[in-house]
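What follows is a single structure, written as structure tokens, with notes after it.
So you know, we letter chains A, B, ... as the sequences are listed, proteins then strands, and number each from 1.
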Amino acid sequence: MAKDSRHIQDGLFARKVVPVLIPMPAERAYSYALPEGQEAVPGQIVQVPLGPRLVPGIVWDGDTDQVDPKKLREIAQVFDCPPVAAPMRRFIDWVSGYTLTPPGLVARMALRAPAAFDPEPMIDALRLTDARPERMTAARERVLEQAGDGLAWTRTGLAHAAGVSASVIDGLSAQGVFEPVRLTPPPVVAAPDPDYQPARLEPGQAQAAEALRATVAEKAFSVTLLDGVTGSGKTEVYFEAIAETVRAGRQVLILLPEIALTAAFLDRFHARFGARPAEWHSELAPRMREKVWRQAAENRVSVVAGARSALFLPFADLGLIIVDEEHDPAYKQEDRVFYNARDMAVVRARLADIPTVLASATPSIESRVNAEQGRYRHLKLDSRYAEAVLPDIKLVDLRRHAPARGGFLSPVLLKAMAETLERKEQALLFLNRRGYAPLTLCRVCGHRFECPDCSSWLVEHRFRGQLQCHHCGHAEPTPQACPACGTLDHLAACGPGIERIAEEADRHFPDARVIVLSSDMMGGTRRLRIELEAIAKGEADIVIGTQLVAKGHNFPLMTLVGVVDADLGLSNGDPRAAERTYQLLSQVTGRAGRAGHKSLGLIQTFQPQHPVMQAFASGEAETFYARETDERRRAHLPPFGRLASVIVSAATRVEAETHARGLRAAAPPGQGLMVLGPAEAPLALIRGRHRFRLLIHGERGRDMQGFVREMLAKGPKPRGSLQVQVDIDPQSFL
DNA sequence: AGCACGCCGACT
DNA sequence: GTCGGCGTGCTC
């Protein structure tokens, strides 16, 4: 009996009491009694009564709370499931402490496959015996031939393979020709073969791959930043680290931003390893979800490619984590538990004592600084290989080359488009703004359409005939008359969205086939896939898209990329604005580049002298990053300072404002506190709730968690409506 | 997070 | 007179 478990007297029997973490925002694990004769080790998944219902939970470590014996209830079931491994339990504790989130809510993310706690049901199958039927028929003949391979067959599978009806099989079974056997269900994916089809690597790649192989062979914690321009073959390089880990019989997690988790990536993996990796993302069918979860826990699946939530899968023997596109903001979760999966991957690796690789063509400043200061190893791939050629980049100064009145495409860009279309090649127009126009106003009285819930401008979506709020999801039909002065048909659309750019492109090139791609496209991911295939087959001439086109998809026939408004996003108050813009421009221009063709990137801007534009046009990434790093250093922003973002949310705006004021008052002066209003709240804004975001920054080495805790304690105490995101690279905590 | 309990407005 | 809104409190 474990030393730390307590016993309580209950009638005649002493019952063993264990702490159980349940998927609920309680500060500590609850205590439950083990049924007589039952054993449960830490990590075991159990079912416990909670109020009127049964919930899953994880038997936790350490002592149990002193709890009223009358309240104590019994564990209802100990699942026949591998216990959550100790490093994973420490990870849950760590994330809970770091994000100031109750541990139960973090554990909840690890328990998101309820049906997986029971073993997968065995499959009923049939195997041929020595017995033979009394009478032979043609159908029976075929069945015997088919099943003669000595393998077990399922009843329907065999009937299908032999081209007979299932009743033929039943007849044979009745005569003892088959015996029933039970099989373990097959793995969700075939085992990857590390030696299936190794890529031919260029010298630079081979060197980096060798370094990663050596890192994996250390079987110890390390972080490697794998940094190389688009087309330099990062994926092939980290595939070799995966191969090495698979050879050692350990599991691999590949994290990808959800949008980059495409069939194209899985196919690439398949080509290298002869099998696909298991997938993990929000759209996975429940049945598959459960299989992947269970098989990860049983070490029956060796490579999982997943979105950020895959970090909370209960791997039995994780040996390597890859974080692809490590700079991608999609790694941030700003909902319930606030975390950055890239940083938490580093922590997970530290706690499991395994290597991790952060890969990107445009690494985040945090990761670059960590690499420069020696906390991360740094592998750089400089050259492009094969025929992949990046486009020539040219800035288009919009002050000198102004678009025609009411238009947004400069004569320079229009000319380049005409030439591209003339050559029967494709052009991509990029504008990071959905809808038709970001602002609608009344030409008579000047009324602006604002969101009634969060006071940001309503974006016109002309195709849907709606005005939408991009912050909280509020939508209303576009009216004919101004709601303020009642004048009919005098509403003016101000500024461009992609729908409006499509209209303009159509006007200039009426014969061109135009495709518009954005996340709010009708038809969802399926439609998106179809459109992407059509584009790859050359069934479109002009593609117009939001940042959706910057990620994960390649356009092999594209030879022109036009950035409609490169300044968008440079002045939104985000301390990462310049970095984000640089990354986005790199990603989107990197999409183009037809083998053997000259391609061109035209960046429309009003600020050609801006460091981002200058660095981008001259291709001097290093200069840009050095400058940005310096800016951050002076501004005491991450990674040199620490940033905590406290989200205040409440059902009513008044309540949220009160709490935000209280928090601001509680913060000591000189802490560098920024308060951003509801318009700057995250896009994940819950419909109908109001959120404020407070940004606090402090110096490196300061206990920000402690500071925020203190501040929260001094401020008002709203119930369940404060969420804290501490936005610091976790390295200093390791 | 769920769920029950409990107190004030418009209706079969 | 009830049905039902969501504010408050509790779950080992």
Side-chain angles (χ1 to χ4, degrees), chain A residues 2 4-11 13-36 38-79 89 92-93 95-96 99-114 117 282 309 312 333-339 453 647-659 662 684-691 716-725:
Chain A
D4 55 29
S5 65
R6 296 183 317 104
H7 291 74
I8 62 138
Q9 205 62 36
D10 177 50
F13 304 104
R15 290 185 299 174
K16 191 169 161 184
V17 179
V18 292
V20 176
L21 212 51
I22 45 181
M24 199 198 62
E27 280 309 317
R28 286 176 54 72
Y30 280 0
S31 306
Y32 283 89
L34 264 174
E36 189 67 8
Q38 274 274 20
E39 283 300 319
V41 297
Q44 202 102 54
I45 298 182
V46 294
Q47 184 127 54
V48 293
L50 180 72
R53 66 219 157 97
L54 287 172
V55 295
I58 310 175
V59 176
W60 218 239
D61 313 75
D63 288 331
T64 53
D65 270 341
Q66 200 76 42
V67 62
D68 181 358
K70 284 199 286 292
K71 276 186 165 185
L72 195 65
R73 299 171 77 178
E74 225 171 46
I75 289 173
Q77 188 187 353
V78 178
F79 286 107
R89 299 202 300 276
I92 290 171
D93 282 335
V95 173
S96 161
T99 60
L100 302 169
T101 309
L105 286 189
V106 182
R108 205 172 78 108
M109 299 195 290
L111 295 173
R112 285 263 174 84
F117 307 149
S282 59
S309 59
F312 292 92
Q333 173 153 66
E334 298 192 327
D335 178 38
R336 295 184 181 89
V337 183
F338 285 54
Y339 68 95
D453 296 327
I647 312 275
V648 185
S649 65
T652 70
R653 185 172 175 153
V654 175
E655 206 187 322
E657 266 171 0
T658 309
H659 290 149
L685 206 85
I686 298 166
R687 195 181 292 254
R689 291 191 86 84
H690 296 266
R691 291 190 175 192
K717 289 181 190 61
R719 45 170 263 119
S721 58
L722 274 175
Q723 291 164 312
V724 179
Q725 165 192 11

Please report, rounded to the nearest Å, how far the C1' atom of C:dC12 is from the OH atom of A:Y32.
-> 5 Å
Distance in angstrom units between A:L105 CG and B:dA1 C1', rounded | 7 Å
Of all pairs that satisfy salt bridge (charged side-chain N to carboxylate O under 4.0 Å, His left out), the ones with a partner from residues 43-57 of chain A, not counting sequence neighbours | none
Separation of atom OH in A:Y30 from atom P in C:dC12, rounded to whole Å = 7 Å
By side-chain hydrogen bond (donor to acceptor under 3.5 Å, both in side chains), which residues pair with A:S96, not counting sequence neighbours?
-> none
Taking only residues two or more places apart in sequence, or in another chain, which ones meet A:Y32 in a ring-ring contact (aromatic ring centres under 6.0 Å, His included)?
-> none
Which of residues 48-58 of chain A have a heavy atom under 4.0 Å from DNA chain C?
-> A:P49, A:L50, A:G51
For A:L21 and B:dA1, give me the distance from atom CG to atom C1', rounded to whole Å.
-> 14 Å
Spacing between A:K70 atom NZ and C:dT11 atom P, to the nearest angstrom | 13 Å
Could you check how far CZ of A:R108 sits from C1' of B:dG2, rounded to whole Å?
-> 10 Å
Give every donor-acceptor pair under 3.5 Å between a side-chain atom in residues 100-110 of chain A and any protein atom, sequence neighbours left out.
unit_1: A:T101; atom_1: OG1; unit_2: A:T99; atom_2: O; d: 3.2
unit_1: A:T101; atom_1: OG1; unit_2: A:T99; atom_2: OG1; d: 2.7

Side-chain touch A:Y30/A:P19, heavy atoms, less than 4.5 angstrom | no
Who pairs with A:R28 by side-chain hydrogen bond (donor to acceptor under 3.5 Å, both in side chains), at least two apart in sequence or on another chain?
-> A:D65
Taken to the nearest whole Å, CD/A:E27 to P/C:dT11 is 16 Å
